[in-house]
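Report on the structure given below.
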Amino acid sequence: MLQKIEQLMQEISALHAKNAQEAEALRIKYLSKKGEISQLMNDFRSVPAELKKEVGMKINELKNFAQERINALKEGAGESSASGSDAIDLTRTPYPITLGSRHPLTIVKNEIVDIFSRLGFTLAEGPEVEDDWHVYSSLNFADDHPARDMQDTFFVEAHPDIILRSHTSSVQSRVMEATQPPIRILCPGRVYRNEAVSARAHCFFHQVEGLYVDKNVSFTDLKQVLLLFAQELFGPETKIRLRPSYFPFTEPSAEMDVSCTICGGKGCSMCKGSGWLEILGCGMVDPAVLEANGIDSSVYTGYAFGMGIERITNLKYQVKDLRMFSENDVRFLDEFTSAR
Ligand code: PHE
C-alpha cells in the first residue's frame with residue numbers, strides 16, 4: 001500500500017497537460033469517485049489497524065498533492081504559458097530592434113531597374129557559369145579576341161568551353177535566341193574577371209545590361225533613353241556625352257560620360273579636372289550578332305548598353321575601395337540604413 005502511494009506521488013508530480021481538456025482527464029483519472037486515489041481509500045479498510053494511522057496520513061498527503069498539481073495544470077493550460085507568470089517583467093524596457101539595411105549595390109541596382117522599368121524594360125537573367133558561345137562567339141568576338149585570354153576569363157578546368165561569364169551580355173544572347181522582337185530587357189547580375197583584387201579592381205563585380213531590338217530602333221533612341229536615365233539617377237542638371245568606342249557586339253559603339261556628380265562639370269579631384277565621369281558602354285547591336293542569334297537583321301535593329309553597378313555606386317556614395325562591397329563590414333553597411 002505504502003509503495004503504491006509512493007508510486008502515485010511520483011507519477012502525479014511528472015504530469016503534463018497541453019490544454020484544459022487534458023487536465024480534466026487527469027482529474028478524472030486520479031481524483032474522481034472511481035479514480036485511482038478513491039480506489040486506495042476503498043482498500044484502506046483492509047489495512048492492519050497498527051498501520052492505519054501512517055497510511056491514512058499518506059493517502060491524505062497524496063490526495064492534497066494531486067489536487068494542487070492538477071489545479072496548477074488547469075491554470076497553466078488556460079493561458080499561454082508566458083503571461084501571468086511572474087518570471088516575466090512586462091515593464092522592462094525592451095531590447096532595441098536593430099534594423100538591417102539593403103546592400104549598397106542592391107540599392108543602386110534597384111534604382112537602375114526602377115528607372116528602366118518605367119520605360120518598359122523587363123528583367124531577364126541567365127547563368128553565371130556559361131558556355132563560350134553565349135559569352136563570346138554569339139556576340140561576334142573573334143576567336144583570337146583578347147577578352148578570351150586567360151588573364152581575363154575564368155575557365156572551368158575540366159571544360160575549356162565552360163567559363164564564368166565576364167559580362168552580362170551573355171543574357172542578351174540567350175534572350176535573342178529564345179524570342180523574336182520586340183525585345184526590351186534589362187539584365188542585372190554578377191560577372192567574373194581574372195583580376196588581382198585591389199581597391200580599384202575585383203575578380204567579381206556586378207553589371208546591368210540593357211537590350212532593345214525592334215523595327216526602326218535608332219541611335220537617337222539610345223541617346224535619349226540614356227539621357228533620361230542619367231538625369232533620373234544623378235539629377236535633372238546632369239549632362240551626357242558620347243565618345244566613339246569599340247565593342248565586338250555593337251557598331252557603332254560609344255562610351256558615355258556624365259557631367260561630374262561632385263563639381264557639376266567645373267573640374268575636381270573626382271573627375272580628375274575633366275568635368276566628366278565615364279559610366280557605361282553602349283552602341284547599336286551589330287547585325288552579325290542579330291543574325292547569329294536568329295534575328296533577321298534586314299528587318300530589325302537594336303541598341304544595347306552595359307554598366308558596372310560598383311562604378312555607379314562609387315560615384316553616388318563616394319566609396320573609395322571596391323573591396324568594401326564584399327567584406328560585409330557592418331560599420332560600412334550600416335551607413336546605408338537610411339538609403340532607399
Ligand atoms: N558588355 C560590355 C562590358 O562588359 C558593356 C556593353 C554592353 C557595351 C552593351 C556595349 C553594349 O564592358
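In listed order, ligands and their atoms are each counted from 1. Nothing here was measured: the structure is a model prediction, and the numbers come from that model.
- Each of the atoms 7 (C), 9 (C), 11 (C) of ligand 1 lies under 4.0 Å from some heavy atom of Phe305.
- Proximity of Ser253 to ligand 1, defined as any heavy-atom pair under 4.0 Å, is not found for any part of the residue.
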Show, in sequence, the C-alpha distance, side-chain angles and deciding distance for Glu291 and Ser297, and conclude whether the side-chain hydrogen bond (donor to acceptor under 3.5 Å, both in side chains) test is met.
CA-CA 6 Å; Glu291 293 294 335; Ser297 64; 2.6 Å; yes
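- A side chain to side chain donor-acceptor pair (under 3.5 Å) with Ser138 is found for exactly one of Ser170, Ser173, Ser169, namely Ser173.
- Heavy-atom distances between Arg193 and ligand 1 reach below 4.0 Å in at least one pair.
- Comparing heavy-atom distances from atom 11 (C) of ligand 1 across Phe249, Tyr303, Phe205 singles out Phe249 as nearest.
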Would you please test Val217 and Tyr300 for side chain to side chain contact (heavy atoms under 4.5 Å, CB included) and show each step?
CA-CA 8 Å; Val217 177; Tyr300 296 107; over 6 Å; no
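- Ligand 1 has a nitrogen or oxygen under 3.5 angstrom from a nitrogen or oxygen of Ser169.
- In this structure, Glu255 does not pair ionically with Arg241, as no charged nitrogen and carboxylate oxygen lie closer than 4.0 Å.
- With ring centers used as reference points, His167 lies under 6.0 Å from Phe141.
- Heavy-atom proximity to Ala304, at under 4.0 Å, picks out these atoms of ligand 1: 9 (C), 11 (C).
- No option in Asp257, Ile262, Thr261 other than Thr261 meets the side chain to side chain contact (heavy atoms under 4.5 Å, CB included) test with Leu277.
- Proximity to Glu209 (heavy-atom distance under 4.0 Å) selects the following atoms of ligand 1: 1 (N), 7 (C), 9 (C).
- Among Asp143, Thr153, Asp131, the single residue meeting the side chain to side chain donor-acceptor pair (under 3.5 Å) criterion with Tyr136 is Thr153.
- With distances taken over non-hydrogen atoms, the option nearest atom 3 (C) of ligand 1 out of Arg165, Gln172, Gln207 is Gln207.
- Atom 5 (C) of ligand 1 has Gly306 CA, 4.0 Å as its closest protein atom, hydrogens excluded (heavy atom only).
- Heavy-atom contacts of His167 reach the following atoms of ligand 1: 1 (N), 4 (O) (cutoff under 4.0 Å).
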